[in-house]
Every structure is written in structure tokens, then in C-alpha cells.
Amino acid sequence: MHKYLQLQNELEALIANLRDGDKLPSIRKLSDRYQFSKSTVISALNELEKRHLIYSVDRSGFYVVKKEREATQKDSDIIDFATSAPDPDVFPYLDFQHCINKAIETYRNDLFLYGTPKGLPTLIPVIAKHLADYQVFAKPANLFITAGVQQALSILCTIPFPNGRETVLIEQPSYHLLIKYMQLHKLPVKGIRRTAQGIDLDQLELIFRTKKIKFFYTMPRFHNPLGTTYSRKEKQQIVELAQQYDVYVVEDDHMADLEHDSKADPLFAYDRFGRTIYLKSYSKIIFPGLRLGAAVVPDALCETFLAYKGLHDIDSSMLSQAALEIYLKSGMFERHRQKIRQSYQQRSKLLTDALVAHASRPDALFTFQPLPYPGIHTHLVIDQRIPVSRLIQQAKKRSILLEAIDQHYLPDFPKENILKLNVSNVKEEVLEKGIHQLMAILHAMWL
């Protein structure tokens, strides 16, 4: 990442704590504080001025321009633990606007033509290089650009697999839109329980051995809605069992960009057999409307996947693909990734600390297992005598938004009394207050 882009993150954090019209420190002082050259400081300040975060006054310096939307949001009384979309306040509006404009200029002739089902040819090697940073080493021939993870899943559920099987195995709870897709199309599906302690590998082996599973869909890290992550040993055993029983594994790594454990690799990295289909979303880290993802498909499935992909949509949005290519190559994505990861990490820590404090009380009405590397999701197992559905209703009356977990289960699978929490749209300054109020509601329902 370019130095001035790294410095931009530092300066934006500084600006966030200043008021409208406050003067920034001088270029010399900023250079000394952040240990960057004056020319790097000037480049960063010029970029921030282009984005209308600051303005300059001749012979005076740079001053803060606060966004009107920020002030409006701070006045809101709603504490949102339900929404899982990226935080609008950390969305790179101006950066991505620049990339879209540049894409229109660079690919103006290509935008009037259909692309290819595989994806924009110049984007594919950029994605391949980018995925290598996640320990996903893929040949361009195996890489497909999709309209988000959802499209990749719909294709995989539909196409025939070399093992000739039809039943899909999914964790319970799991991705609600995949469940809805399977139900709508009346596709055979089976569930396996996943908890804070992980998955029962003996049960997984039994299902693989007896139920003729086409593929096992899993979110090994930062699971939605549980927030949990498999251990290295669990990932290795899943891959070995899949090979032993001729089962494919579909790995949804939608939150890979939030990983801060340098030793944590995706399940794909442990697969020596070509059994794992790796899915990566760019919508989750940038903004949902981008609708772009990447799928790494084994050789045995490439031809079939390409044929079905072409019939799904001919190609993914050329403009979005071209903008993403520029965004990745320029270093802007890495800057944004560091910024959003730091923001979510701080929120997750505040949430964990608040929950641990309440869970340690003798009158706690829930159990909570803190994670060493939390993502944006977490969950509480609520006392069976307090229905989560009623808790959600009571919290809404206090302007605390929560979402039911029922949609994350298959209709006939036993549901646990779980409350899911998401921090991606909760401001740091109200997070602890929100948990305190939620606990008060919980205890009021018990009395």
C-alpha cells in the first residue's frame, strides 16, 4: 500500500476527533508525529482535500470539514445490532467514485459489449494475485467472477457434480439466503449442528458415509450468525473426510478481510485433493450494491460451472468489474481494508468486554463464549425460560434493533434459543450502553 494512503487512514482517524472548522497541525508537525516525509504528508492532505474532508487556506493551513450525515447519525437514538451490511461511515465513497470514473474512461469501448462469463479478462489475474494474500493460490483458469457469493451458490446447487450426488449438507445455523434458495427449488438438503464449540466431526463422518452428500457448505471463519471460527485441526479433518468419502466442500470466506491472525488460513489452504470450492465476497467489505465475488473452482467442475454461469447472466457487470480492478491495483482496497478491519476490531472488543462483564455475574441469564479473534458477528445462548422472540420485541420498544435467528435454520431442524448480535452498524460510543440496556430488558423479563 502506498505510504500516503496509509497516512490517510491516520489523518482520517485524527479528523474524526476534531470539530468542524478545527485546524490540523502543520505539515512539519504531522511529519514528525507520523514519521512520514513532508512530501508524503502533502500528498495525503491533497487527497483528503479532494474528498472534501478538509480545506486549505493560503498561508494558514488545513481545516476540517465535517460531513452533515455524520452529525445526523450521532443524533439518532437507535442502536442497531441487527444490520450486517458494511457501515456507511466507513464506505469509501469518493475513492470508489474515482475508480468508476476511471473505469468508464479506460474501458469506454468495452462497456458497450457483452463480456465473458468468466469475468473481465484483466481483472482475473488481479483477483488471483489478491487471493494469494489469503493463502488461496489459484490459477486464472479456475477463477470466476460472480455476482456475489449468492450467484456462485445458486450455480453450485444446480450443476451436476462428478460424484453424481444431489444432497447438500449445511451447518445449522447457516446462511439464510442459501436455505431459502434450497427450499424454493425443492433441493435435497440436510443440516448438521454447529455451536460455539465447533462441529461434531464424528457426526460429520457418519453423514458423509451414509447420506450421499454432494457438497458440504461451510463458513470456517467468522461464521454468520455465530461468529465462530474452526481450528486448524478441524479444517484439516474436514478436508480429509471430504476426500475419504468423495464429498466436495464449498468454503464461504465472506469475511476473510477481517482476519487479524496471521497464522489463520482458509480451509482451501489445507486441501491437497482439489475438493474445495473457495468463495470470496467483495460486496461485504466494500458495499452490498457492488454485487461482485470470486469463485475458485476445481478442474473437474470448471467446464460445467462456466456453461451454467453463461446462462445465468451472460457476464457480471463490466463497469463494476473494471472499477474493482482499478480499486485493487491502486492500493485503495488495502487502505480501506485496514481501516474497516481496525474499526470493526475495536467495536468487537468493546462488545466482547461488555458481554464478559455481564456473563460473569451470578444472575446472568445467558451464556457467552468470547473469541480470541472476534469478527462482526457473535451470539448469546439465552435462558430457555425467556423466548428470544419476546426479547427482540421488548428491545425494539427501547430503540434497540435485533434480528431473529430462526431464518438461519432449516424448518425441521431443532432451533436453539440464540440471540445474534452484529457490530458493523453500532457506533463505539453507544455500544456499551446498548448492551447495558439489553441486559436490563432481559432481567426485567425474568422478574
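Just so you know, these numbers use all the heavy atoms, side chains as well, and skip hydrogens, waters and symmetry mates. Everything numeric in this text was worked out from a predicted model, so none of it was measured.
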Q. What do the steps show when you test Lys263 against Asp261 for salt bridge (charged side-chain N to carboxylate O under 4.0 Å, His left out), and what is the final call?
A. CA-CA 5 Å; Lys263 296 181 180 179; Asp261 179 6; over 6 Å; no
Q. Could you go step by step and tell me if Phe368 and Thr352 meet the side-chain contact (heavy atoms from CB on, under 4.5 Å) rule?
A. CA-CA 9 Å; Phe368 168 65; Thr352 297; 4.2 Å; yes
Q | Short N-O contact, Lys129 and Asp133, less than 4.0 angstrom | A | no
Q) Please walk me through it: do Tyr175 and Gln150 pass side chain to side chain donor-acceptor pair (under 3.5 Å)? A) CA-CA 10 Å; Tyr175 180 36; Gln150 182 65 26; 3.0 Å; yes
Q) Do we see a donor-acceptor contact under 3.5 Å between the side chains of Gln437 and Arg398? A) no
Q. Shortest non-hydrogen contact from Met182 to Val189?
A. CE-CB, 3.6 Å
Q: Mind running side chain to side chain donor-acceptor pair (under 3.5 Å) on Asp299 and Asn142 for me, showing each step along the way?
A: CA-CA 7 Å; Asp299 291 336; Asn142 298 95; 2.7 Å; yes
Q. Does Lys415 NZ have over 12 foreign heavy atoms under 6.0 Å away?
A. yes
Q) Which heavy-atom pair separates Leu279 from Ala295 by the least distance, and what is that distance? A) CD2-CB, 3.7 Å
Q: Give me the ring orientation class for His408 and His176: parallel if the planes are under 30° apart, tilted from 30 to 60°, perpendicular past 60°.
A: perpendicular
Q: Over 60° means perpendicular and under 30° means parallel, so classify the ring planes of Phe222 and His260, tilted if in between.
A: tilted
Q: Ignoring hydrogens and angles, tell me if any N or O in the side chain of Ser348 forms a donor-acceptor pair with the backbone of Gly375 under 3.5 Å.
A: yes
(Q) Determine whether a donor-acceptor pair (N or O, by modelled atom type, separation under 3.5 Å) exists between the side chain of Ser154 and the backbone of Gln151. (A) yes
**Q.** Least distance between heavy atoms, Leu14 atom then Arg33 atom
**A.** CD1-NH1, 3.6 Å
Q. Using the ring of each side chain (for Trp, its six-membered ring), is Phe333 parallel, tilted or perpendicular to His130, with breaks at 30° and 60°?
A. perpendicular
(Q) So does Tyr278 get a backbone contact from the side chain of Thr276, meaning a donor-acceptor N/O pair under 3.5 Å? (A) no
Q: Take Thr83 and Asn425 through the test side chain to side chain donor-acceptor pair (under 3.5 Å) and record every step on the way to the result.
A: CA-CA 6 Å; Thr83 304; Asn425 275 266; 5.2 Å; no
(Q) Taking Gly119's backbone N and O only, do any of them form a donor-acceptor pair with Gln321's side chain (distance below 3.5 Å, no angle check)? (A) no
Q: I would like to know whether Gln342 and Gln338 meet side chain to side chain donor-acceptor pair (under 3.5 Å); could you show each step before the answer?
A: CA-CA 6 Å; Gln342 183 179 6; Gln338 288 190 13; over 6 Å; no
Q: Identify whether the distance between the nearest side-chain nitrogen and carboxylate oxygen of Asp253 and Arg221 falls below 4.0 Å.
A: yes
Q.
Minimum heavy-atom separation for Leu402 and Ile392, please, with both atom names.
A. O-CG2, 3.7 Å
Q. Which atoms form the tightest heavy-atom contact between Gln394 and Ile441, and what is the distance?
A. CB-CG2, 3.6 Å
(Q) Can you confirm whether Gln203 is buried at CD, in the sense that more than 12 heavy atoms of other residues, nucleotides or ligands lie under 6.0 Å from that atom? (A) yes
Q: Could you give me the CA-CA distance, side-chain angles and deciding distance for Val249 and Ile277, then say whether side-chain contact (heavy atoms from CB on, under 4.5 Å) is met?
A: CA-CA 6 Å; Val249 178; Ile277 300 155; over 6 Å; no
Q.
Please determine whether a side-chain nitrogen of the Lys or Arg among Glu205 and Arg209 lies less than 4.0 Å from a carboxylate oxygen of the Asp or Glu.
A. no
(Q) Under a 4.0 Å threshold between the charged nitrogen and the carboxylate oxygen, would Arg193 count as salt-bridged to Glu171? (A) no
Q. Does Glu12 come within less than 4.0 Å of Arg335, counting only side-chain N to carboxylate O?
A. yes
Q. Is the shortest side-chain N to carboxylate O distance from Asp257 to Lys280 below 4.0 Å?
A. yes
Q: Might you confirm whether atom CD of Glu432 has over 12 heavy atoms from other residues, nucleotides or ligands at distances under 6.0 Å?
A: no
Q. Is the number of heavy atoms from other residues, nucleotides or ligands under 6.0 Å of Gln183 CD greater than 12?
A. yes
Q.
Using modelled atom types and a 3.5 Å cut-off, is there a donor and acceptor pairing between side-chain atoms of Asn163 and backbone atoms of Lys214?
A. yes
Q) Which heavy atom in Pro225 sits nearest to a heavy atom in Ile405, and how many Å separate them? A) CG-CD1, 3.7 Å
Q) Under a 4.0 Å N-O cut-off, is there an ion pair linking Lys235 with Asp265? A) no
Q.
Please list all pairs meeting ring pair (Phe, Tyr, Trp, His ring centres under 6.0 Å) that have one or both residues in residues 179-211, counting only residues at least two apart or in different chains.
A. Tyr181-His185
Q.
Below 30° counts as parallel, above 60° as perpendicular, anything between as tilted: where do the rings of Tyr327 and His336 land?
A. tilted
Q. Counting only N and O atoms by type, is there a donor-acceptor contact under 3.5 Å from the side chain of Glu251 to the main-chain atoms of Leu267?
A. yes
